[in-house]
Protein chains: 2
Amino acid sequence: MEHSTEILLHLFIVFVAVQVGAEVAQRLRMPSVVGEIAAGCVVGSSVLGWIEISAPLEVLAEIGAVLLLFSVGLETRIGELKRVGGVATMVGIAGVLLPFILGAAWALMSGFDTPKAMFVAAAFVATSAGITARVLQEMGALSRTESRVILGAAVIDDILAMLLLGVVTALQTQGGVDVVNLLLVLLQAVAFVAIIGLVGARVMRGSSMMLEAPINPHSPLTISLALCLGLAAAAAYLGLAAIIGAFLAGMAAAETQQRHTLEKQLQPITALIVPFFFVVTGAKIDLGQLASFSVVVSLIVVTLLAAAGKLLGCGLGAWSLGRRGALIVGTGMIPRGEVGIIVASLGQQMNVFGDRIYALIVAMSLLTSVIAPPALARLLAEPDRRSSNNADAGTGS
Amino acid sequence: MEHSTEILLHLFIVFVAVQVGAEVAQRLRMPSVVGEIAAGCVVGSSVLGWIEISAPLEVLAEIGAVLLLFSVGLETRIGELKRVGGVATMVGIAGVLLPFILGAAWALMSGFDTPKAMFVAAAFVATSAGITARVLQEMGALSRTESRVILGAAVIDDILAMLLLGVVTALQTQGGVDVVNLLLVLLQAVAFVAIIGLVGARVMRGSSMMLEAPINPHSPLTISLALCLGLAAAAAYLGLAAIIGAFLAGMAAAETQQRHTLEKQLQPITALIVPFFFVVTGAKIDLGQLASFSVVVSLIVVTLLAAAGKLLGCGLGAWSLGRRGALIVGTGMIPRGEVGIIVASLGQQMNVFGDRIYALIVAMSLLTSVIAPPALARLLAEPDRRSSNNADAGTGS
């Protein structure tokens with residue numbers, strides 16, 4: 001009885017904090033996600049200590065991230081994503097290479113041996129699509145070319161990051177890399193994405209009737225949510241991020257006739273559950289770890305390197321979109337979020353590095369997640385400078 | 001990573017099982033809740049063993065029950081509930097007394113000493129409003145007089161059951177009852193229900209504007225959900241069932257101008273989360289415990305006593321509604337659900353009784369929850385016999 005009271009109280013605190021945080025952020029003309037992460041930080045252990053991250057809260061956060069990417073997928077048409085496939089691939093590859101090189105250079109200079117430096121560098125790589133997706137959704141920018149490039153690149157980024165993690169993990173434990181196994185892993189991941197992305201969409205296009213077959217009046221929604229949970233679990237089983245599966249499920253559901261009903265019905269659900277993802281992200285920030293001057297300096301260096309790696313790498317990959325488009329894509333790929341935290345936890349468990357580096361990587365992952373949204377929102381809100389430049393040029397001539 | 005994969009897989013299994021169960025039940029013309037509980041039983045440890053009840057699943061189930069009663073409260077007007085206050089009070093009191101007497105008689109005859117028999121009897125008392133509420137909602141019967149009596153009586157029932165549990169617990173541990181403390185507990189509970197039920201509704205009636213104040217377009221929903229979680233936590237803190245708080249929050253929200261929007265937005269949320277409550281209820285049924293003949297006989301006796309206690313007690317209380325109305329109210333109060341399970345767990349922890357009685361009470365609680373819904377659905381679906389009898393009499397004369 002008392003345990004359940006405590007859980008309800010925590011849910012209440014989290015839910016109220018997140019609404020207040022979002023409201024304050026929006027009044028300050030910032031994306032609500034910044035306020036939600038900040039709210040988590042405030043009610044979390046390092047400031048007020050009103051909540052602690054329990055397994056149920058973690059699962060709610062996970063469901064929140066899954067539902068968020070499902071709703072983003074629902075606003076993404078596979079045809080439009082394919083149109084930016086080339087650019088997205090270049091963004092994904094360059095956005096993995098450059099942060100990896102910068103991360104490895106920093107780790108080598110910090111005194112790690114080569115295998116360990118490779119592992120640290122892997123934590124610099126993976127982008128967390130959730131935070132950027134939310135900003136894009138909130139700004140009504142999901143139909144922009146840059147948004148499609150970011151979402152496509154996030155899928156490729158995740159596949160590459162998973163492979164990379166496989167390689168660097170193998171380097172630690174066996175001293176050698178099992179190429180055949182890695183190729184198998186790669187093949188599985190690519191096959192999963194290709195089959196769901198291409199065949200799944202086609203199947204869903206023809207099965208709108210089937211969604212209405214059950215007696216349950218909400219059956220299009222419940223069947224789609226089942227698909228979402230199933231593909232999220234399948235993606236996680238293959239070593240990909242669960243949210244990639246949820247995103248693909250959303251894209252498949254977007255091909256059905258019921259997509260607009262689904263979008264509408266999903267809104268109250270995401271309003272309830274998605275904030276848990278951001279508040280838990282915020283509650284994981286341990287401000288106490290950052291109390292010393294040298295740590296703060298290291299953190300700034302690491303965060304700048306991590307941000308610069310994505311900004312330059314992804315920006316170069318998206319150069320064909322113009323300077324501002326490249327800047328939007330690069331900024332959108334900066335947040336590391338929970339993916340960086342997962343790699344850091346793995347490294348700590350495997351004794352690749354100690355508590356200090358762990359705290360640094362976690363703080364970097366969260367810091368990149370906090371600095372990117374306001375920058376991205378500003379870039380998206382600005383009137384397109386290229387076109388206004390053109391207009392100026394027109395007036396001037 | 002692997003842990004999170006497993007959780008996602010469990011969520012997927014639970015979600016698919018519950019949809020299939022509900023669909024099968026509805027095709028067999030049974031309330032979907034029966035199919036959902038059965039689905040939980042099938043995927044649970046005693047049949048397929050595909051899922052186990054983890055803390056996150058328990059919390060999802062709890063949130064499901066809370067949201068269910070919130071949505072039921074949203075369809076209940078405080079004015080209409082007050083109109084049946086007298087009948088509901090009689091139903092609540094008689095529905096506590098008779099099951100308690102029958103339970104105590106059975107326990108005394110089974111060889112328990114008086115204090116322990118009182119505790120066993122307490123497990124016969126509390127009604128779980130969630131299961132009945134769902135059936136009433138599904139049959140579109142929430143506006144019937146019988147439904148209002150059931151909901152009002154469930155609140156009174158819960159207050160009395162909590163007091164009774166306080167008394168019997170005190171009997172075990174101290175050998176004496178602290179009357180002053182119990183009166184304080186009673187006062188707190190009654191004050192909570194009265195304040196929220198009366199003042200809360202009035203406050204909400206005047207604050208429809210406030211719900212629209214935040215920037216968030218879903219603010220009427222998010223503020224109402226915050227109220228729901230807050231009052232659920234408060235009710236649990238006072239020793240009442242959390243769902244009583246959620247029900248009161250729903251009734252308060254029903255007084256706002258946005259009630260129809262809230263109802264509509266809540267539907268997809270409850271479609272996603274409420275089934276977890278029923279599937280977890282079903283997954284707790286341990287069929288292995290019921291494998292011996294003597295246990296089955298005891299279980300049948302206990303379940304019949306528990307059902308008869310409510311049917312007669314509540315039926316007598318609701319006699320003014322006519323024979324069929326009394327039957328509906330009595331049947332609706334039969335399910336013990338999670339409340340009986342909570343009392344049983346407490347008794348086991350306090351060594352009042354052993355594993356066999358624990359299993360019996362749990363099985364009785366679940367069995368009453370499974371047998372009541374189809375009976376209730378049949379009673380609700382039947383054309384009113386009183387009026388058809390009158391018509392027959394008219395033809396005969």
Side-chain angles (χ1 to χ4, degrees), chain A residues 1-16 18-19 22-23 26-27 32 54-60 62-63 66-67 214-219 221-223 225-226 228-237 239 242 245 264-269 271-273 275 342 346, chain B residues 1-16 18-19 22-23 26-27 32 54-60 62-63 66-67 214-219 221-223 225-226 228-237 239 242 245 264-269 271-273 275 342 346:
Chain A
M1 287 278 260
E2 278 177 16
H3 179 68
S4 122
T5 308
E6 201 188 319
I7 289 279
L8 281 167
L9 190 63
H10 282 179
L11 289 176
F12 172 65
I13 291 171
V14 166
F15 196 71
V16 170
V18 92
Q19 304 301 334
E23 184 68 19
Q26 284 181 300
R27 300 239 176 229
S32 57
S54 55
L57 265 185
E58 291 259 24
V59 169
L60 278 173
E62 173 99 27
I63 301 176
V66 161
L67 289 174
I215 293 175
N216 184 346
H218 290 102
S219 60
L221 179 69
T222 50
I223 293 176
L225 288 173
C228 167
L229 287 173
L231 291 187
Y237 178 76
K264 212 169 165 190
Q265 291 181 335
L266 208 61
Q267 280 172 8
I269 298 181
L272 170 65
I273 305 181
I342 290 169
L346 202 61
Chain B
M1 287 279 259
E2 278 177 15
H3 180 68
S4 123
T5 309
E6 201 187 319
I7 290 278
L8 282 168
L9 190 64
H10 283 179
L11 290 176
F12 172 64
I13 291 171
V14 165
F15 195 71
V16 171
V18 93
Q19 304 302 333
E23 184 68 19
Q26 284 180 300
R27 299 239 176 229
S32 57
S54 55
L57 265 184
E58 292 260 24
V59 169
L60 277 173
E62 173 99 25
I63 301 176
V66 162
L67 288 174
I215 293 175
N216 184 346
H218 290 102
S219 61
L221 179 69
T222 51
I223 293 175
L225 287 174
C228 167
L229 288 172
L231 291 186
Y237 177 78
K264 212 169 166 190
Q265 291 180 335
L266 209 61
Q267 280 172 8
I269 297 181
L272 170 65
I273 304 181
I342 289 168
L346 202 61

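Counting heavy-atom pairs closer than 4.5 Å to chain B, the top residue among A/Cys228, A/Ser54, A/Gly230 is A/Gly230. Chain B forms more heavy-atom pairs under 4.5 Å with one residue of A/Ala235, A/Ala226, A/Ala233, A/Pro268 than with any other, namely A/Pro268. Heavy-atom pairs under 4.5 Å with chain B peak, among A/Arg27, A/Gln267, A/Glu23, at A/Glu23. Ranked by non-hydrogen atom pairs under 4.5 Å with chain A, the options B/Leu9, B/Thr222, B/Ile223 are led by B/Thr222. Between chain A and the residues B/Gln26, B/His10, B/Lys264, the largest count of heavy-atom pairs under 4.5 Å involves B/Gln26.
In this structure, the portion of A/Ile63 lying under 4.5 Å from any heavy atom of chain B is its side chain and not its backbone. Interface residue B/Phe15: only side-chain heavy atoms are found under 4.5 Å from chain A. Residue contact with chain A, scored on non-hydrogen atoms closer than 4.5 Å, involves the side chain of B/Ile273 exclusively. Only the side chain of B/Gln19 comes within less than 4.5 Å of a heavy atom of chain A; its backbone N, CA, C and O stay farther away. Within the 4.5 angstrom heavy-atom criterion, no atom of A/Glu58 approaches chain B.
With values rounded to the nearest 0.5 angstrom, B/Leu60 atom CG is found 5.5 Å from A/Leu60 atom CG.
Among B/Val16, B/Leu272, B/Leu11, the single residue meeting the side-chain contact (heavy atoms from CB on, under 4.5 Å) criterion with A/Leu225 is B/Leu272.
When side chains are defined from C-beta on, B/Leu231 does not count as touching A/Phe12, because their heavy atoms never get closer than 4.5 Å.
Under the side chain to side chain contact (heavy atoms under 4.5 Å, CB included) criterion, A/Ala242 pairs with A/Glu62, A/Val66, A/Ala232, A/Ala236, B/Leu8, not counting sequence neighbours.
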